[in-house]
Number of protein chains: 2
Amino acid sequence: MARQRSQSVTLTDVARRAGVSVATASKALNARDEVAPETRRRVLQAADELSFQPNVLARGLISGRTRTIGLLTDELAGRFSIPILLGVENALGSEQMSVLLCDARGDAIRRRHYIRTLLARQVDGFIILGDSNDVRPSLTGDIPVPVVYVYGESDDPNDLSLLADDADGARLATEHLVSLGRRNIAHITGPENYRAARDRVASLRDVLDGAGLSLIGGEPLYGEWSQRWGRHAARMLLSSYPEIDAIFCGNDQIATGVANTLRDLGRRIPDDVSIVGYDNWHEFAADCQPPLTTVDLNLQQLGETAVKHLFAALDGQPSSGVIRQPCRLVVRDSTGPA
Amino acid sequence: MARQRSQSVTLTDVARRAGVSVATASKALNARDEVAPETRRRVLQAADELSFQPNVLARGLISGRTRTIGLLTDELAGRFSIPILLGVENALGSEQMSVLLCDARGDAIRRRHYIRTLLARQVDGFIILGDSNDVRPSLTGDIPVPVVYVYGESDDPNDLSLLADDADGARLATEHLVSLGRRNIAHITGPENYRAARDRVASLRDVLDGAGLSLIGGEPLYGEWSQRWGRHAARMLLSSYPEIDAIFCGNDQIATGVANTLRDLGRRIPDDVSIVGYDNWHEFAADCQPPLTTVDLNLQQLGETAVKHLFAALDGQPSSGVIRQPCRLVVRDSTGPA
DNA sequence: CTGAAAGCGCTTACAG
DNA sequence: CTGAAAGCGCTTACAG
């Protein structure tokens, strides 16, 4: 590895080789029209021969735009950052923008530190990823460039927050079960202190009400986002309410645990009990036995949308408020007609 | 969001407020010793009052060092990039370096494109993440700054490649099973065209040979990295070789599938059959029924090590060749004495 | 100890 | 159409 940084080729080198001034070389390379065709040809050729790559730092110093955005995540290791990050990266790439990545790991100190760092690096804007749909303090006050909040809502309504639409996702799941003729529907989900969990419960209730149904047990089973909890909850539920014919689960891990326990108990899926998961985490949902019908949050698209809004803001067209992006139901074998 | 970029405060502003020249202000802020204490105090105060943040671009233009490294991944969505990325980010953060992230998505064109982009942004060095342990063409020829390859080996021995030690991982797993008194050990793993899969098989065989044992069925079962394959393979294996008392699996998903099928078949884990997974993917391994003994690749540490080597190279102390980092056995409930 | 000057690599009015 | 000059924000010899 490691040859030392070969002093890279500079515009001066290109100009010299083409026999013009740096000013002219610059204009030729930037396709400004005040350059003679023949001159431009010579400059382009020289640049090509030298593999000239303009120094983006110098350019940024002049223009004040670095074509770089800061991506501040809260928990990269979590489930949701990566797809969003991919969407962001994708959308930025096609615009020749790059992303400086920082993971604050849920630490407020580190978050401020990274904001300063990224500002010192003159990023043109920020995308701030949350790790849950919960509301969090705005950071925009410290940031003199456009900011978009994604997957975590800022508490300042003047900020723009882009969220997955939990009510929509729960509605899709519940309507699907109801339309299949399921009448005895239970809900096993994560901790009650997650807003996403509560929002989905509210939406689930709305749909059931509308269909003249009520939730089995009257209340959802709040617990953890794990298979283990799914197994445990399924066992409890089935022993108290053997008439259950559908379980809507708060994520695919819970759903996987539920599915395994139902099999252990001799219940057929979906014939006896339909199961719907949430998240469409491929390794769990598609590889479950049977594969899970689940709600996809369209996270990658969420990232792309964030970039779109950020660009708009950079062009002087900022938005604000909360935008909730619809979910998508992915139907697999774990649900079927009653 | 989106106040337009407020023209940020510059060293000139600080100098003016402190009543000194920019040269002196610069020296004061950079703790060079040729500044009178009182002058320094005034400058620091002015900087503080103005929330001055030096423009890293300008600094980089002078020093030729941007304190930025380019992280080129091949498949960010895959399992292995994230922990490594976290390790890198962690190690860089403590050195005030930032990371520009690009995901080539396994596309060679995109990879070259990103290399050019990152070079134009004057990164001080590269970390190139592979998505499997397989050997791949070196990219160093195009890169005039230090490069470290991680989790994917460069075909140029002059490059430095940092890999997880598959032979070590398989050895740990197999020795563990043998030491528990298991004698009829089978192996279910992923596709044979993965070098990692083949390397582990070789190591597994070595350990079995040394213990006077041979692999059940004579050959490992190569297949996919999925639960589904684990289920299918377990069923086949158990019907042909009911004497099996241990199964070493190529990853935690396969192991999960195996565990579920063993339960369906009425085999007790670990009493009748011990299971070892691979990867220590927490959501699968720790949440399996029972929790899986598995091999941890220490990926985060791999990322940290990569940064260490990159810094050494930046300091003119490059290394080369292949370094394999040891794995770690995580013992949970899926293995026990025979 | 302080500051004027040169320069990092580039772009952009402005003369010619 | 071309090039000399100024300047982006900063640092660093070099005089004083």
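Reminder, nothing fancy here: chain letters follow the sequence lines and each chain counts from 1. The shown structure was predicted, so the numbers you read here are calculated from the model rather than taken from an experiment.
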Checklist entry - Hey, are A:Lys308 and A:Glu95 close enough for a salt bridge, meaning a charged N less than 4.0 Å from a carboxylate O? => result no
Next on the checklist: Is a donor from one side chain sitting under 3.5 angstrom from an acceptor on the other, for A:Arg121 and B:Ser98?
Outcome noted: yes
Next on the checklist: With heavy-atom distances below 4.5 Å as the criterion, would you say the side chains of A:Ile84 and A:Ser81 are in contact?
Outcome noted: no
Checklist entry - Which nucleotides of nucleotides 11-16 of chain C have their base under 4.0 Å from a protein heavy atom (B), which only their sugar-phosphate (S), and which neither (-), written as one string 5' to 3'? => result BBB---
Next on the checklist: In this structure, how many angstroms lie between the P atom of C:dC10 and the CG atom of A:Leu50, rounded?
Outcome noted: 12 Å
Item to check | Donor on one side chain, acceptor on other, B:Ser154 and B:Asp156, under 3.5 Å | outcome: no
Checklist outcome for this item: In whole angstroms, the gap separating P of D:dC10 from CD of B:Gln53 amounts to 10 Å
Checklist entry - Taking side chain as C-beta onward, heavy atoms only, is A:Phe80 less than 4.5 Å from A:Asp131? => result no
Item to check | Rounded interatomic separation in angstrom, taking CZ from B:Phe52 and P from D:dG9 | outcome: 10 Å
Checklist entry - Can you list the stems that include DNA chain D, where a stem is three or more consecutive Watson-Crick or G-U pairs with distances under 3.5 Å? => result C:1-3 with D:14-16, C:5-12 with D:5-12, C:14-16 with D:1-3
Checklist entry - Of all of residues 12-20 of chain B, which get a heavy atom below 4.0 angstrom from DNA chain C, listed by number? => result B:Val20
Item to check | Spacing of the P atoms in C:dC1 and D:dC10 (rounded, Å) | outcome: 24 Å
Checklist entry - Hey, is the side chain of B:Ser63 poking within less than 4.0 Å of OP1 or OP2 on C:dC8, counting only N and O atoms? => result no
Checklist outcome for this item: Sorted by chain and number, sequence neighbours left out, side chain to side chain contact (heavy atoms under 4.5 Å, CB included) with A:Arg59 holds for A:Asn30, A:Pro54
Next on the checklist: Go nucleotide by nucleotide along DNA chain C from the 5' end; which of B:Pro37 and B:Leu61 gets its closest nucleotide reached first?
Outcome noted: B:Pro37
Next on the checklist: In whole Å, measure the gap between the P atoms of C:dT2 and D:dG9 for me.
Outcome noted: 25 Å
Checklist entry - With sequence neighbours left out, what residues match B:Ser51 under side chain to side chain contact (heavy atoms under 4.5 Å, CB included)? => result none
Item to check | Separation of atom CG in A:Asn55 from atom P in D:dC8, rounded to whole Å | outcome: 18 Å
Next on the checklist: Side chains of A:Asp103 and A:Thr73: any donor to acceptor distance under 3.5 Å?
Outcome noted: yes
Checklist entry - B:Arg65 CZ to C:dC8 C1': how many Å, rounded? => result 16 Å
Checklist entry - What residues, two or more places apart in sequence or in another chain, satisfy side chain to side chain contact (heavy atoms under 4.5 Å, CB included) together with B:Ala25? => result B:Leu11, B:Ala15, B:Val20, B:Val43
Checklist entry - Between B:Asp74 and B:Arg136, is there a salt bridge with N-O shorter than 4.0 Å? => result yes
Checklist entry - Roughly how many Å is it from CG in B:Leu57 to C1' in D:dC8, rounded to a whole number? => result 10 Å
Next on the checklist: From CZ of B:Arg40 over to C1' of C:dC1, roughly how many Å is that when rounded to an integer?
Outcome noted: 11 Å
Checklist entry - Hey, is NE2 on B:His282 packed in by over 12 heavy atoms from elsewhere, all under 6.0 Å? => result no
